[in-house]
Q: 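The following block contains the structure, expressed as structure tokens.
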Amino acid sequence: MQISPQQVLDALKNVEDPDLKKDLVTLNMIKDLQIVDTRINFTLELTTPACPMKEMLKNACTNAIKHFVFAEADININVTSRVTQPVNSSSLDNIKNIILVSSGKGGVGKSTVASNLAVTLAKDGAKVGLIDADIYGPSVPTMFDLVDAKPGAEETADGKTKIIPIEKYGIKLLSLGFFADPGQPVPWRGPMASNAVKQLFNDTNWGELDYLIVDLPPGTGDIHITITQSFPIAGAVVVTTPQQVALADTHKGLAMFRMPGINIPVLGVIENMSYFTPAELPENKYYIFGKGGGRKLAERFDVPFLGEIPIIQHISEAGDNGKPVALNQNPLLDGIFGNIAGKIAQQISISNAQTANC
């Protein structure tokens, strides 16, 4: 039987990306189509390596070809990705998407979440950077076992000096903690802090990045305004815990991204320390700090609820030991962070597609 490329493409027009609401052929996701007799090979190019629907789309392609073209076809699909970016990202050409990780108050595990999201996206094959912009309590040096590390520098062809980020676990890292004595307080005034943070973006050789994750300070201060008004932000993730006092502050932090002059897409809400499950009773969940607060907050603002992270001692131990828990140290948490990272990447792809169509 002779199978034509047009037959295959016509069949694949019946497979729709459920997020982008268009078929794979129209979205130009089908690449390198080759047909030899009844053997069909092509590449499915997704918008992120962390796509949570990777297997579903692959199976849908196979089923469409077998149904519309030839039931006995031998189909081989190579899945790759090309991360999209917002249309307004020209000021930082090599960085496709900047993701802010925010919280209304301190102590909710924001830095732990940011670090593990970076690790998870890098494990999926994305090019990832992480900026620790928490000027008063930088945590990234501890969480990546880099307390005494100092970034390098290089001179560019036009005579400028660029910072070289430190690379670990497949992530390019920069923290204001790298430039200060770990044992000494840093009495930053607002303009000084803002200028220092801007240098982490502008004066660094980041190379090409799919995602640059920014661990913001708690609250809604100068650093937040500087970053949101100076750089093209793909979206913000808000971290909270279930108790009311955290939710009240998180409500304000989330509302900040909706303010005129900021107007950053909120990719979703993550609830940390959601529940406790004893090792000897794995089926039990104890909601120590309350239940469902993060989900209700997401519903109130009509943004996605990205997931719950339980209270597990291994999370804090891994961070204290400089090895984020998402580095395949715990199968349960690996799945939880993988699911959350996939949803964030999914929301970015949707947001980028919407801006491109405006």
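Note that the structure is predicted; figures quoted are calculated from it, not measured. Computed from heavy atoms alone, side chains included, the values below leave out hydrogens, waters and symmetry copies.
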Q: Can you tell me which residue pairs pass the salt bridge (charged side-chain N to carboxylate O under 4.0 Å, His left out) test with a partner in residues 325-339, sequence neighbours excluded?
A: Lys123-Asp334
Q: How about Lys31: does its NZ atom have over 12 heavy atoms from other parts shown lying under 6.0 Å from it?
A: yes
Q: Using modelled atom types and a 3.5 Å cut-off, is there a donor and acceptor pairing between side-chain atoms of Thr277 and backbone atoms of Asn284?
A: yes
Q: Under the ring-ring contact (aromatic ring centres under 6.0 Å, His included) definition, can you give me all pairs with a residue in residues 191-211, not counting sequence neighbours?
A: Phe201-Phe231
Q: Is Ile340 close to Val113 at the side-chain level, that is, under 4.5 Å between some pair of heavy atoms?
A: no
Q: Is there a donor-acceptor contact under 3.5 Å from the side chain of Asp203 to the main chain of Ile163?
A: no
Q: Backbone N or O of Ala126 within a donor-acceptor pair of the Asp124 side chain at under 3.5 Å?
A: no
Q: Would you say Lys162's side chain and Glu155's backbone share a donor-acceptor pair under 3.5 angstrom?
A: no
Q: Can you tell me if Glu45 and Thr43 form a side-chain donor-acceptor pair at under 3.5 Å?
A: no
Q: Take a 6.0 Å sphere around NZ of Lys127 and say whether it holds more than 12 heavy atoms from other residues, nucleotides or ligands.
A: no
Q: By side-chain contact (heavy atoms from CB on, under 4.5 Å), which residues pair with Ser111, not counting sequence neighbours?
A: Ser139, Met143, Asp215
Q: Assess whether side chain to side chain contact (heavy atoms under 4.5 Å, CB included) is satisfied between Ile312 and Val325, documenting all intermediate values.
A: CA-CA 10 Å; Ile312 294 181; Val325 76; over 6 Å; no
Q: For Val25, is there any backbone N or O sitting under 3.5 Å from a side-chain donor or acceptor partner on Lys13?
A: no
Q: Side chains of Ser230 and Lys198: does their closest heavy-atom pair fall under 4.5 Å?
A: yes
Q: Out of curiosity, Thr84 OG1 to Leu27 CG, how far, rounded to the nearest 0.5 Å?
A: 11.0 Å
Q: Tell me yes or no: between the side chains of Asp32 and Asn78, is some donor less than 3.5 Å from an acceptor?
A: no
Q: When you compare the side chain of Ile30 with that of Val8, does any pair of heavy atoms fall below 4.5 Å?
A: no
Q: So, Lys66 side chain and Ala73 main chain: donor-acceptor pair closer than 3.5 Å or not?
A: yes
Q: Does anything in residues 298-328 pair up under ring-ring contact (aromatic ring centres under 6.0 Å, His included), and if so which pairs, sequence neighbours excluded?
A: His251-Phe301
Q: Please check if any side-chain donor atom of Glu55 sits under 3.5 Å from a side-chain acceptor atom of Asn59, or the reverse.
A: no
Q: Using atom types as modelled and distance alone, determine if a side-chain donor or acceptor of Ser316 lies under 3.5 Å from a backbone N or O of Gln313.
A: yes
Q: Please check if the number of heavy atoms outside Lys323 that lie under 6.0 Å from its NZ is greater than 12.
A: no
Q: Quick one: pull up CD1 in Ile77 and NZ in Lys54 and give me the separation to the nearest 0.5 Å.
A: 13.5 Å
Q: Donor-acceptor pair, distance only, cut-off 3.5 Å: does the side chain of Lys96 make one with the backbone of Val83?
A: yes
Q: To which residues is Val36 joined in a hydrophobic cluster, defined by side-chain heavy-atom contacts under 4.5 Å among Ile, Leu, Val, Met, Phe, Trp and Tyr, whether direct or through other members?
A: none
Q: Within the 4.5 Å heavy-atom criterion, are Pro86 and Asn97 side-chain neighbours or not?
A: yes
Q: Is there any ring-ring contact (aromatic ring centres under 6.0 Å, His included) pair reaching into residues 253-278, and which pairs are they, with sequence neighbours excluded?
A: Tyr275-Tyr287
Q: Shortest non-hydrogen contact from Ile309 to Ile315?
A: CG2-CD1, 3.8 Å
Q: I'd like to know if the side chain of Asp19 reaches the main chain of Ile350, judged simply by a donor and an acceptor atom lying under 3.5 Å from each other, with no hydrogens or angles considered.
A: no
Q: Only one of Asp132, Asp134, Thr142 forms a side chain to side chain donor-acceptor pair (under 3.5 Å) with Ser175, so which one is it?
A: Asp132
Q: Around atom CD of Glu280, are there more than 12 heavy atoms from other residues, nucleotides or ligands closer than 6.0 Å?
A: yes
Q: Ignoring hydrogens and geometry, is there a side-chain-to-backbone donor-acceptor pair from His224 to Pro217 under 3.5 Å?
A: yes
